[in-house]
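Have a look at the structure below, then the notes.
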Amino acid sequence: MIDFFKKLMEQALDLELTVRFTKRDGEWFAALGDELDSLPLEELEEYRAELEARLRDMDDDEPEDMAGEEFEQWADAHESLEDLLSEAEDRIDELM
């Protein structure tokens with residue numbers, strides 16, 4: 001599952017698109033959305049809050065074995081999510 005999120009986040013970064021995450025009944029869902037440049041400030045701030053919430057969720061699910069492959073996959077996906085957050089914050093700064 002983490003590979004799926006990582007691949008989707010990398011696509012979003014490459015295409016400068018948003019990624020919308022939802023968690024329903026314990027299952028994660030993600031989809032590519034609008035370009036960051038097309039979002040108004042209010043939506044960008046909502047998107048930033050959503051990404052911050054997903055990072056907190058990922059932090060809660062951090063694998064305990066830091067030497068294992070599962071941790072490496074988690075760390076890569078976490079870093080990609082942080083990159084998306086940084087992109088959103090940069091765009092917010094441009095609009096302010």
Side-chain angles (χ1 to χ4, degrees):
M1 181 61 105
I2 288 178
D3 286 335
F4 167 74
F5 283 125
K6 183 176 180 287
K7 184 176 179 178
L8 188 66
M9 289 182 284
E10 288 171 352
Q11 280 183 308
L13 285 169
D14 289 343
L15 299 172
E16 297 182 4
L17 298 174
T18 60
V19 179
R20 297 294 180 175
F21 295 99
T22 55
K23 189 173 184 180
R24 287 177 278 168
D25 300 324
E27 283 197 52
W28 284 95
F29 299 90
L32 293 175
D34 297 328
E35 291 183 17
L36 284 176
D37 291 343
S38 69
L39 295 178
L41 182 59
E42 184 177 311
E43 286 184 38
L44 279 167
E45 289 173 338
E46 290 173 9
Y47 182 57
R48 176 180 57 192
E50 181 181 331
L51 292 174
E52 290 170 340
R54 296 301 70 84
L55 275 171
R56 286 190 300 274
D57 289 343
M58 280 192 78
D59 289 341
D60 291 343
D61 293 334
E62 181 178 350
E64 292 191 22
D65 179 10
M66 293 181 151
E69 185 175 326
E70 182 182 2
F71 181 82
E72 185 177 318
Q73 291 174 344
W74 175 90
D76 288 344
H78 194 276
E79 182 178 346
S80 294
L81 191 53
E82 288 175 326
D83 290 345
L84 285 174
L85 178 58
S86 178
E87 290 286 326
E89 289 172 338
D90 289 347
R91 182 66 182 137
I92 289 169
D93 289 343
E94 289 174 9
L95 294 176
M96 296 187 94

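We're numbering straight along the sequence, starting at 1. Model, not experiment: these values are computed from the prediction.
Contact between Ala77 and Met9 at its shortest, heavy atoms only, is O-CE, 3.2 Å. For the pair Ala12 and Val19, the tightest heavy-atom approach, listed with the atom from each and the gap, is CB-CG2, 3.1 Å.
Rounded to the nearest 0.5 angstrom, Leu81 CG and Glu52 CD are separated by 10.0 Å. One finds the CG atom of Leu17 at 8.0 Å from the CG atom of Leu36 (value rounded to the nearest 0.5 Å). Distance CD/Glu70 to CG/Asp65: 8.0 Å, rounded to 0.5 Å. Within the model, atoms CZ of Arg48 and CZ of Arg91 stand 13.5 Å from one another, a figure rounded to the nearest 0.5 Å. Here the CG-CD distance, from Leu32 to Gln11, works out to 5.5 Å after rounding to the nearest 0.5 Å. Arg56 CZ to Leu51 CG: the interatomic distance, rounded to the nearest 0.5 Å, is 10.5 Å.
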Would you please test Phe71 and Glu64 for side-chain contact (heavy atoms from CB on, under 4.5 Å) and show each step? CA-CA 8 Å; Phe71 181 82; Glu64 292 191 22; over 6 Å; no
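Taking 4.0 Å as the cut-off between side-chain N and carboxylate O, Lys7 and Glu10 do not count as a salt-bridged pair.
Counting only distance, with no hydrogens or angles, the side chain of Trp74 and the backbone of Met66 share no donor-acceptor pair below 3.5 Å.
Residues passing the side-chain contact (heavy atoms from CB on, under 4.5 Å) test with Asp14: none are found, sequence neighbours excluded. Listed by chain and residue number, His78 satisfy the side chain to side chain donor-acceptor pair (under 3.5 Å) test with Asp59 (two or more places apart in sequence, or in another chain). Residues passing the side-chain contact (heavy atoms from CB on, under 4.5 Å) test with Ser86, sequence neighbours excluded: Asp90.
Residue pairs meeting the ring pair (Phe, Tyr, Trp, His ring centres under 6.0 Å) criterion with at least one partner in residues 30-51, sequence neighbours excluded, are absent. The salt bridge (Lys or Arg N to Asp or Glu O under 4.0 Å) pairs that include a residue from residues 73-86 number zero, where partners must be two or more places apart or lie in different chains.
Heavy-atom neighbours of Glu16 CD from other residues, nucleotides or ligands within 6.0 Å: at or below the threshold of 12.
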Side-chain atoms of residues 39-46: list all donor-acceptor pairs with protein atoms under 3.5 Å, sequence neighbours left out, distances to 0.1 Å.
none

